Amino acid sequence: MVNSLTQIWNNILQSNLFNFVVMLFVLGWIIKKFDIADKIEQGRRNIEDKIILSKLSKENALTSLYEVQSETKEVDDEVFNILEKSDKNAIVVGERLIEDAHKQAEEFNKAVQKTIDGNIKALRLKLSDRTAKAALMIAKKHIQSELDKDKSLHIKFINESIEALNGVEL
């Protein structure tokens with residue numbers, strides 16, 4: 001009965017489905033712990049805010065430009081230059097924002113991967129430890145049951161242990 005339960009438990013631990021379910025729980029825990037979706041949403045909102053601020057600054061620049069243009073008719077060349085600079089600045093700011101967002105996403109992915117790797121290692125160590133303990137308990141029970149069945153095995157095991165110690169040099 002105990003051996004069949006142990007064998008069933010070992011089959012469960014070795015099955016891919018069990019490992020997949022454990023991995024899903026670990027990933028779910030990581031996502032909840034680090035609130036990944038919220039951080040991504042915050043990053044997206046920050047980028048949107050910066051784009052809106054960039055557009056507002058462009059609009060403010062255009063408004064100033066039109067005021068100056070209405071006061072003087074001779075500033076057409078200057079207006080053209082200001083518009084070009086505003087467009088270039090908006091493009092540069094937008095590119096920097098996108099570049100910063102990509103860098104943040106890469107750093108975040110690296111941090112998440114490190115956390116996942118650490119949790120996987122910890123789970124493997126725990127599973128190995130539990131498996132080793134279960135194996136020792138099974139071996140202990142088996143030896144005890146064999147010794148209970150055949151009392152002459154005590155002397156045999158003692159003699160084998162003594163022979164094994166004779167080969168060990170200190």
Side-chain angles (χ1 to χ4, degrees), residues 1-58 88-151 153-170:
M1 176 71 175
V2 173
N3 286 338
S4 66
L5 288 175
T6 305
Q7 185 177 16
I8 290 171
W9 179 248
N10 284 336
N11 287 338
I12 289 173
L13 287 177
Q14 293 174 357
S15 74
N16 288 334
L17 177 62
F18 179 79
N19 292 333
F20 179 72
V21 170
V22 169
M23 183 55 69
L24 286 179
F25 280 115
V26 168
L27 288 174
W29 175 80
I30 289 171
I31 288 171
K32 284 184 182 180
K33 178 170 177 107
F34 294 104
D35 202 8
I36 294 171
D38 189 44
K39 290 183 181 183
I40 291 172
E41 181 63 24
Q42 285 176 347
R44 188 189 63 76
R45 277 190 249 129
N46 286 340
I47 291 170
E48 283 180 354
D49 291 344
K50 289 179 182 178
I51 290 172
I52 290 170
L53 288 175
S54 174
K55 286 180 180 179
L56 287 175
S57 68
K58 182 179 177 180
K88 287 179 183 176
N89 286 340
I91 290 170
V92 168
V93 168
E95 288 173 352
R96 284 184 186 165
L97 289 173
I98 290 171
E99 186 178 309
D100 289 344
H102 285 295
K103 286 180 183 177
Q104 287 177 354
E106 286 176 17
E107 290 173 7
F108 186 71
N109 284 338
K110 287 178 184 176
V112 167
Q113 189 60 44
K114 284 182 182 178
T115 303
I116 289 171
D117 291 343
N119 286 336
I120 287 171
K121 287 179 183 176
L123 283 173
R124 284 183 180 160
L125 287 175
K126 285 182 182 178
L127 286 174
S128 295
D129 185 47
R130 288 181 183 172
T131 304
K133 287 181 181 177
L136 285 175
M137 289 302 296
I138 291 170
K140 180 181 174 182
K141 287 180 182 179
H142 177 69
I143 290 170
Q144 286 176 344
S145 70
E146 290 299 317
L147 288 174
D148 289 342
K149 289 179 189 175
D150 187 3
K151 299 295 183 185
L153 288 177
H154 283 281
I155 295 172
K156 179 183 174 188
F157 286 149
I158 291 171
N159 289 335
E160 287 176 358
S161 297
I162 290 172
E163 287 177 20
L165 287 175
N166 284 336
V168 175
E169 292 184 28
L170 299 176

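Note that the structure is predicted; figures quoted are calculated from it, not measured.
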Next on the checklist: Test of understanding: with side-chain hydrogen bond (donor to acceptor under 3.5 Å, both in side chains), list the residues that count as partners of K141, not counting sequence neighbours.
Outcome noted: none
Item to check | Approximate separation, where rounding is to 0.5 Å, of N119 CG and K126 NZ | outcome: 9.0 Å
Checklist entry - Do other residues, nucleotides or ligands put more than 12 heavy atoms under 6.0 Å from the CZ atom of R45? => result yes
Checklist entry - Does K50 have any side chain to side chain contact (heavy atoms under 4.5 Å, CB included) partners at least two apart in sequence or in another chain, and if so, which? => result L97
Checklist entry - CG of L24: more than 12 outside heavy atoms within 6.0 angstrom? => result yes
Next on the checklist: Nearest 0.5 angstrom please: L123 CG to M23 CE, how far?
Outcome noted: 7.5 Å
Checklist entry - In Å, rounded to the nearest 0.5 Å, how long is the span from CD1 of I138 to CG of N3? => result 6.5 Å
Checklist outcome for this item: So CZ of F20 and CG of L27: to nearest 0.5 Å the spacing works out to 9.0 Å
Next on the checklist: Under 4.0 Å between a side-chain nitrogen and a carboxylate oxygen: does that hold for D129 and K133?
Outcome noted: yes
Item to check | Crowding at CZ, R44 (>12 non-hydrogen neighbours, <6.0 Å) | outcome: yes
Checklist entry - Between CG of N46 and CD of E41, what distance do you get to the nearest 0.5 Å? => result 10.0 Å
Item to check | Approximate separation, where rounding is to 0.5 Å, of I52 CD1 and E48 CD | outcome: 6.5 Å
Checklist entry - Which residues pass the side-chain hydrogen bond (donor to acceptor under 3.5 Å, both in side chains) test with D117, sequence neighbours left out? => result Q113
Next on the checklist: Under 4.0 Å between a side-chain nitrogen and a carboxylate oxygen: does that hold for E106 and K103?
Outcome noted: no
